[in-house]
Amino acid sequence: MEVLKTEGLCMSFGGVLALCKVSLRVEKGERLVIIGPNGAGKTTLFSVLDGQLKATAGQIYFFGQEITHVPGYRRAHRGISRSFQLTTLFMNLTILENTLLALQGTKQSRFQILRPITAYKHLYNKAQALLDPMELWEKRNDQVHAISYGDQRKLEIALGLASEPRLLLLDEPSTGLTSAERADVTSRIRNLGADITVIVATHDMDLAFGVAQRIIVLHHGEIVTVGTPEEIRADPKTREIYLGEEGIRHA
Amino acid sequence: MEILLLTALTGVSFGFILFLVASGLSLIFGVMGVLNLAHGALYMVGAYIGWTIAIQQEGNFVLAVLAGGVGTVIVGLVLERGFLRRIHGMLNQQVLLTFGFVYVLTNLCLWYWKALPKAPFTAPVLDWSFPIAGVTYSFARMVITAIGIALAIFLWWLQSKTRFGTIVRAGMTDKEMTEGLGINYGIVATIVFALGCFLAGIAGVLGAQLFGAHLELGMNVLVLAVVVVVVGGMGSVPGALVGGLLIGLVVSFGKVLVPGLSMFLVYLVMIVILMIRPTGILGKATTS
Amino acid sequence: MEQEFVAQTWQRQLARFAPYIVAGLVFLIIPAVLPSYAQSVMTRVLIFALFAVSLDIIFGYAGLLSLGHAAFFGVGGYANAILLTRYGFESFWIVTPIAIVIIVVVAAVFGVIALRVSRVYFLLITFALSMLLVCVANTWRGMTGGADGISFIPPPDLGLSWLSWNPASFYYFVFTSFIICFLLMRLVVNSPFGLSLQGIRESENRMRALGYNVWLHRYIAFIISALFAGVAGILFTYHNTVISPWNLGLEMSALAMLICILGGLGTLWGPLIGAVVVILIEYFSGIYMPARWPLVLGGSFIICVALIPKGIAPSLRRLQNRLLYGSVKN
């Protein structure tokens with residue numbers, strides 16, 4: 001079953017073309033990784049997919065329905081969820097409050113003005129279920145600006161999962177983490193289950209090859225190659241992009 | 001027809017006064033990122049200092065204008081060095097702090113110069129009118145317009161033809177980069193601030209020929225300057241000119257066509273601009 | 001959110017309930033024995049507290065600074081005054097709902113205009129909208145009394161024959177209104193909607209990605225905020241018996257802003273404390289140096305920014321935490 005399809009997606013800012021004719025398909029349960037050096041357009045692509053940006057050309061289909069003109073905030077209700085490259089958490093709120101906000105984003109209760117939020121026990125339990133496996137539950141009353149960067153990145157992913165999305169977009173989930181933390185993130189993504197489709201954008205090769213069933217290489221906003229991890233590893237174009245831009249990383 | 005011409009000329013000279021005040025406000029916002037609500041009060045201080053020199057001390061009018069400018073710079077620098085430099089980027093604090101200064105400066109002016117408004121005053125040599133196309137026009141207003149044009153040209157020259165202007169413009173677009181190039185932007189910002197204060201101060205004395213000096217100026221001039229900056233574009237000196245002339249004409253014609261509602265029109269213009277092009281007529285569409 | 005359950009020594013019990021005890025003393029018990037001029041000052045405190053607390057919803061919780069909040073205060077006041085003096089309405093129970101409807105309609109219109117933009121531009125547009133109303137109030141003499149405003153506003157007619165109006169009874173009337181409004185606003189900010197507002201303040205991008213219609217939440221918050229500001233305006237007309245265009249304008253909005261920030265944003269009870277401080281300063285400066293009041297007020301703005309930028313509330317909360325837990329937490 002096809003979860004996501006884009007056709008000829010283009011995004012230009014003023015005169016700069018950030019995305020050019022991006023066409024891709026993602027199947028249900030797939031783990032797709034988009035790699036490319038900084039500035040390749042990965043975050044722009046995600047912002048177009050989740051509705052933050054309006055594509056200047058092209059179409060997006062989600063489970064067969066066109067969502068190109070669906071406003072950003074409605075896409076979460078359809079099942080698209082996203083984590084951010086630059087930590088976009090609610091800094092002055094607690095971990096618990098952050099999670100509650102993520103949980104009620106797609107629920108009617110978010111408009112409730114006369115009942116206290118503490119009355120919503122089931123949200124509380126769901127928050128625990130979400131935060132416990134990440135070892136964040138014990139710190140739930142800590143304000144986010146005070147927790148470690150690694151914990152913040154974990155919370156980013158937790159918030160992305162809160163709405164039980166059908167498609168999860170993870171933007172650079174492992175940036176700035178220690179290698180132990182990166183391995184942790186890699187295994188978490190692997191264990192997310194077949195009901196959820198995951199697209200990861202990253203320039204971290206260990207994560208990419210550890211998670212991907214299929215890899216798309218993006219460069220200057222265009223798709224350069226698509227293939228399985230082995231095909232990409234052997235692909236000369238990809239090596240050129242990386243050896244030319246990032247130096248010796250994976251010889 | 002004569003009324004039309006007279007109203008237009010009045011609007012233009014008023015517009016240039018607004019340009020002088022608004023250009024300072026706009027530059028300060030563009031360069032320092034600070035919304036200086038005390039700018040109208042600086043105009044007022046200039047006007048009072050000018051009155052003191054010209055009328056009380058019976059001094060030379062040119063001296064009065066310069067004294068107004070310099071005095072305002074001194075007051076402004078106290079504000080900037082002491083307080084404003086600590087609150088870059090903090091909108092709430094800027095609004096509160098600079099608004100507080102409006103009250104403080106107004107009350108200090110009350111204390112020193114007492115409550116009686118100072119009548120409009122001018123240099124004896126400027127104090128005559130002459131007919132243009134059947135309409136009597138005051139020479140003082142002409143001088144204001146001439147000085148306004150001269151200063152507009154000066155500012156344009158400063159911005160586009162000097163190294164200082166280039167630095168200022170670079171800093172407005174990308175402050176970190178400019179500092180990375182080894183330029184001490186703190187000093188640049190202070191100089192720009194001082195320039196803005198000077199313009200407000202001399203505008204105060206020049207404008208005193210038309211409006212005198214009184215305690216409501218702090219608020220009234222601020223409001224008009226803010227409208228001009230919004231209409232013309234934040235951070236744009238040409239925008240301050242366009243906005244100033246536009247608002248000057250709106251007020252002038254408003255007073256003739258719909259007396260009592262001229263300010264209503266001004267606010268309406270401001271709201272319309274904010275709704276359809278918030279960055280102003282000549283403002284840059286920034287992402288901030 | 002959750003209170004850890006620590007051993008309840010009497011000191012800790014006291015620390016926990018101290019705020020309510022103090023508030024109860026200051027606002028409920030003491031005014032009964034104060035002289036009438038002091039009761040009038042306390043009434044003014046509560047009216048301005050209500051005004052500032054309403055601003056806290058859109059400013060402290062939703063994170064949108066408005067320089068035109070006085071517009072709703074003034075609309076509430078003028079609507080009330082006009083209905084009572086120009087249209088001959090008498091009963092509080094009829095006039096107040098009508099005035100509230102008017103406030104909500106104005107807020108609904110202003111909200112659509114103002115919420116098209118955010119941050120600095122929102123600040124400017126709300127300012128311009130309120131000044132527009134000032135112009136209307138100054139010019140429409142027939143309706144609003146022009147620059148002189150409306151005077152001789154009668155006290156509220158509650159239809160209670162046993163009630164006679166004096167500073168004490170009027171104080172408790174305002175006190176009751178304040179408590180009702182405060183508790184309602186407290187429900188709003190502690191609700192899921194209230195948490196959403198805080199989320200929007202912290203990161204509107206994230207909120208959109210999570211499925212929130214940010215504009216709609218802000219719009220509702222704007223109207224709720226305006227509603228309670230208008231109620232404060234209604235109470236103000238009864239207390240002051242006079243309303244003038246000044247009550248719609250920039251200086252009034254700035255005063256609410258000062259009270260809010262000085263008290264402590266995003267707490268609801270912070271602005272209440274801010275109002276006590278500012279109105280008391282206003283009162284004493286009126287006695288000892290009336291001509292210098294603007295200097296004192298402006299000085300307060302400056303001192304607040306320079307020395308207590310986060311307001312009084314955080315310090316009080318830290319004090320309470322220290323007493324409760326013996327250490328500084330959150």
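We name chains A, B, ... by the order of the sequence lines, and we start the count at 1 in each one.
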For residues [X] and [Y], report the shortest heavy-atom separation together with the two atoms involved.
X: A:Leu101; Y: C:Tyr212; answer: O-OH, 2.7 Å
X: A:Ala76; Y: C:Ala209; answer: CB-O, 3.4 Å
X: C:Pro192; Y: A:Ser109; answer: CB-O, 3.1 Å
X: C:Leu195; Y: A:Ile117; answer: CD2-CD1, 3.3 Å
X: A:Leu114; Y: C:Ser191; answer: N-CB, 4.3 Å
X: A:Met91; Y: C:Glu202; answer: N-OE1, 3.3 Å

Inset, instruction - Could you tell me which of A:Gln112, A:Arg78, A:Lys107, A:His77 has the largest number of non-hydrogen atom pairs under 4.5 Å with chain C? - result: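 Looking at each option in turn, the highest pair count goes to A:Gln112.
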Inset, instruction - Pick whichever of C:His217, C:Arg186, C:Arg208 has the most heavy-atom pairs under 4.5 Å with chain A. - result: C:His217
Inset, instruction - Specify which of C:Asn190, C:Ile220, C:Val214 makes the most heavy-atom pairs with chain A at under 4.5 Å. - result: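 Going by pairs under 4.5 Å, I would pick C:Asn190.
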Legend entry - A:Glu138 CD: over 12 foreign heavy atoms closer than 6.0 Å: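 Yes.
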Let me know if [X] has heavy atoms under 4.5 Å from chain C in its side chain, its backbone, both or neither.
X: A:Thr88; result: both
X: A:Gln104; result: both
X: A:Asn92; result: both
X: A:Leu89; result: both
X: A:Arg115; result: backbone

Inset, instruction - Would you give the length of the straight line joining atom CD1 of A:Ile113 to atom CD1 of C:Ile224, rounded to the nearest 0.5 angstrom? - result: 4.5 Å
Inset, instruction - Quick one: pull up CZ in A:Arg110 and CG in C:Leu216 and give me the separation to the nearest 0.5 Å. - result: 8.5 Å
Inset, instruction - Could you tell me which portion of C:Arg201 (side chain, backbone, both or neither) has an atom closer than 4.5 angstrom to a non-hydrogen atom of chain A? - result: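 Looking at C:Arg201, just its side chain touches chain A.
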Inset, instruction - Assess whether side-chain contact (heavy atoms from CB on, under 4.5 Å) is satisfied between C:Arg206 and A:Phe84, documenting all intermediate values. - result: CA-CA 9 Å; C:Arg206 197 50 198 254; A:Phe84 289 80; 3.5 Å; yes
Inset, instruction - Can you check whether anything in residues 151-163 of chain A gets within less than 4.5 Å of chain C, heavy-atom wise, and list it by number? - result: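 Those residues of residues 151-163 of chain A which have a heavy atom under 4.5 Å from chain C are A:Glu156, A:Leu159, A:Gly160.
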